[in-house]
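Here is the structure we will look at, set down as structure tokens.
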Amino acid sequence: MADSSAQINALIVDATDPERLAAFWSDVLGRPVVGRTGPYVWLRRENGLVLGFQRADTPKSGKNRMHVDVASPDPAAEQRRIEGLGGRRLEGYDDGGFLVMADPEGNEFCVIPAGPFALDDEGRAHYLDRPADV
């Protein structure tokens with residue numbers, strides 16, 4: 001019997017300005033822009049996954065139904081770096097204990113610790129509760 005397991009090949013993000021959004025994510029992830037095809041801008045494929053940005057006529061509205069988690073050994077430092085690139089921290093998510101941010105077009109994503117972290121029985125993280133190393 002043939003293997004019918006599907007694999008995710010690409011993650012495509014709708015964008016009113018795909019060039020700008022690709023540049024932001026290129027800086028965040030350290031993946032260079034490697035191509036442009038029609039309405040798409042592509043970042044370098046890594047670990048089998050390519051990230052693309054597709055021109056969309058309408059801006060984002062509402063909460064994402066799917067989001068990306070970006071891992072960092074120091075989420076607080078990563079937050080500052082991402083804010084310097086044009087991202088922003090989103091309000092209203094502190095109760096969940098996750099560092100929820102938005103890219104320049106408002107797409108939500110989380111910055112999480114690079115290593116394992118615990119969740120309580122309600123699914124809340126507590127890595128933000130730790131005092132920052134000074």
Enumerate, atom names and distances included, each donor-acceptor pair closer than 3.5 Å involving a side-chain atom of residues 113-121, sequence neighbours excluded.
| residue | atom | partner | partner atom | Å |
| --- | --- | --- | --- | --- |
| Asp120 | OD1 | Glu122 | N | 2.9 |
| Asp120 | OD1 | Gly123 | N | 3.1 |
| Asp120 | OD1 | Arg124 | N | 2.9 |
| Asp120 | OD2 | Arg124 | NE | 3.0 |
| Asp120 | OD2 | Arg124 | NH2 | 3.0 |
| Asp120 | OD2 | His126 | NE2 | 3.1 |

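Applying the side-chain hydrogen bond (donor to acceptor under 3.5 Å, both in side chains) rule to Asp69 yields the partners His67; only residues at least two apart in sequence or on another chain are considered. Partners of Arg36 by side-chain hydrogen bond (donor to acceptor under 3.5 Å, both in side chains), not counting sequence neighbours, listed by chain and number: Glu19. With sequence neighbours excluded, no residue satisfies side-chain hydrogen bond (donor to acceptor under 3.5 Å, both in side chains) with Ser72. Arg88 meets the side-chain hydrogen bond (donor to acceptor under 3.5 Å, both in side chains) test with no other residue; sequence neighbours excluded. Annotation: side chain to side chain contact (heavy atoms under 4.5 Å, CB included) contacts of Ala10 (sequence neighbours excluded): Ile12, Val50. Arg81 meets the salt bridge (charged side-chain N to carboxylate O under 4.0 Å, His left out) test with Glu78; sequence neighbours excluded. When the side chain to side chain contact (heavy atoms under 4.5 Å, CB included) test is applied to Arg80, the partners found at least two apart in sequence or on another chain are Ala76, Ala77. Partners of Pro18 under the side chain to side chain contact (heavy atoms under 4.5 Å, CB included) rule, at least two apart in sequence or in another chain, are Ala15, Val41, Phe53, Arg55. Evaluation of the ring pair (Phe, Tyr, Trp, His ring centres under 6.0 Å) rule for Tyr40 yields Trp42 as partners, not counting sequence neighbours.
Between Pro32 and Leu43, every side-chain heavy-atom pair lies at or beyond the 4.5 Å cut-off.
When atom types are taken as modelled, the side chain of Lys63 and the backbone of Arg65 share no donor-acceptor pair closer than 3.5 angstrom. For Tyr127 (side chain) and Leu99 (main-chain N/O), a donor-acceptor pair under 3.5 Å exists by modelled atom type.
Of all non-hydrogen atoms in Val68 and Leu11, the two that sit nearest each other are CG2-CD2, 3.6 Å.
Residue pairs that meet the side chain to side chain donor-acceptor pair (under 3.5 Å) test with at least one member in residues 8-17, sequence neighbours left out, are Asn9-Arg45, Thr16-Glu105.
Under a 4.5 Å side-chain heavy-atom cut-off, the cluster of Ile, Leu, Val, Met, Phe, Trp and Tyr residues that includes Leu49 is completed by Ile8.
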